[in-house]
Amino acid sequence: MESLLRVIGDGLSITALAIIAATAQAGWKRVPKGVAIPMQWNLAGKPTWRAPKTVGLLAIPVVAIVLLLSFTLTQATFTADPTQAMIVFLVRATLASSLALSQLFHLRFVIKTLQEEGQL
């Protein structure tokens with residue numbers, strides 16, 4: 001049971017990282033060089049601060065890699081206790097899906113904002 005949860009958790013992490021990497025690559029190709037990437041929006045939907053293209057498009061992928069691979073690298077998934085194995089699996093599944101959704105929503109708002117500003 002514990003090894004099955006570890007394998008499924010690894011699969012979810014790899015799937016999330018693939019989604020994040022693919023969307024980051026698509027965003028990188030679409031955004032011209034030198035364009036500042038919106039990172040935060042106010043309640044009216046206007047960007048409040050921006051980052052360089054490298055930081056703006058690679059922040060979530062780098063954080064995702066560190067967080068999702070830390071479970072495997074720290075051996076946190078190797079446990080004999082079924083309850084602990086289930087908790088680690090659920091944390092990994094929630095984290096993987098949250099990071100993938102964060103990337104998708106961020107890029108959606110970035111593209112929308114840059115299109116409205118005529119920078120794409």
* To do: Just grab all the side-chain hydrogen bond (donor to acceptor under 3.5 Å, both in side chains) pairs involving residues 48-61, residues at least two apart or on different chains.
  => Gln40-Trp49, Arg50-Glu117
* Aromatic rings Phe109 and Trp41: how do their planes relate, parallel, tilted or perpendicular, breaks at 30° and 60°? -> tilted
* Starting at CG of Leu90, measure out to CG of Leu5 and round the result to the nearest 0.5 Å. => 8.0 Å
* Common cluster, Leu17/Leu95, ILVMFWY with side-chain heavy-atom separation under 4.5 Å -> yes
* So, do Leu4 and Phe89 sit near enough that their side-chain heavy atoms are less than 4.5 Å apart? -> no
* Shortest non-hydrogen contact from Leu99 toward Ile60 -> O-CG2, 4.0 Å
* **Single-linkage hydrophobic cluster, 4.5 Å side-chain cutoff, Val63 and Leu73 together** => yes
* Asked: Same hydrophobic cluster for Val7 and Val88, using side-chain heavy-atom links shorter than 4.5 Å among ILVMFWY?
  -> no
* To do: Using ring-ring contact (aromatic ring centres under 6.0 Å, His included) as the criterion, list what pairs up with Phe105, not counting sequence neighbours.
  => none
* **Straight-line distance of Leu107 CG to Thr23 OG1, nearest 0.5 Å** => 5.0 Å
* To do: First locate atom OG of Ser97, then atom CG of Leu12, and finally report the distance between them rounded to the nearest 0.5 Å.
  => 8.5 Å
* Co-membership, hydrophobic cluster, residues Ile111 and Ile20, 4.5 Å side-chain -> no
* **Leu67 versus Phe71, closest heavy-atom pair with distance** => O-CD1, 3.5 Å
* **Reported CG-to-CZ distance for the pair Asp10 and Arg6, which is rounded to 0.5 angstrom** => 8.0 Å
* Which atom of Ala16 lies closest to which atom of Ala96, heavy atoms considered -> CB-O, 3.5 Å
* Can you measure from CZ (Arg92) to OG (Ser70) and round to the nearest 0.5 angstrom? => 9.0 Å
* **Rounded distance (nearest 0.5 Å) linking atom CD1 of Ile87 with atom CG of Asp81** => 8.0 Å
Less than 3.5 Å apart, which donor and acceptor atoms pair up between the side chains of residues 25-39 and the rest of the protein, not counting sequence neighbours?
none

* Side chain of Thr94, backbone of Val91: donor and acceptor closer than 3.5 Å? -> no
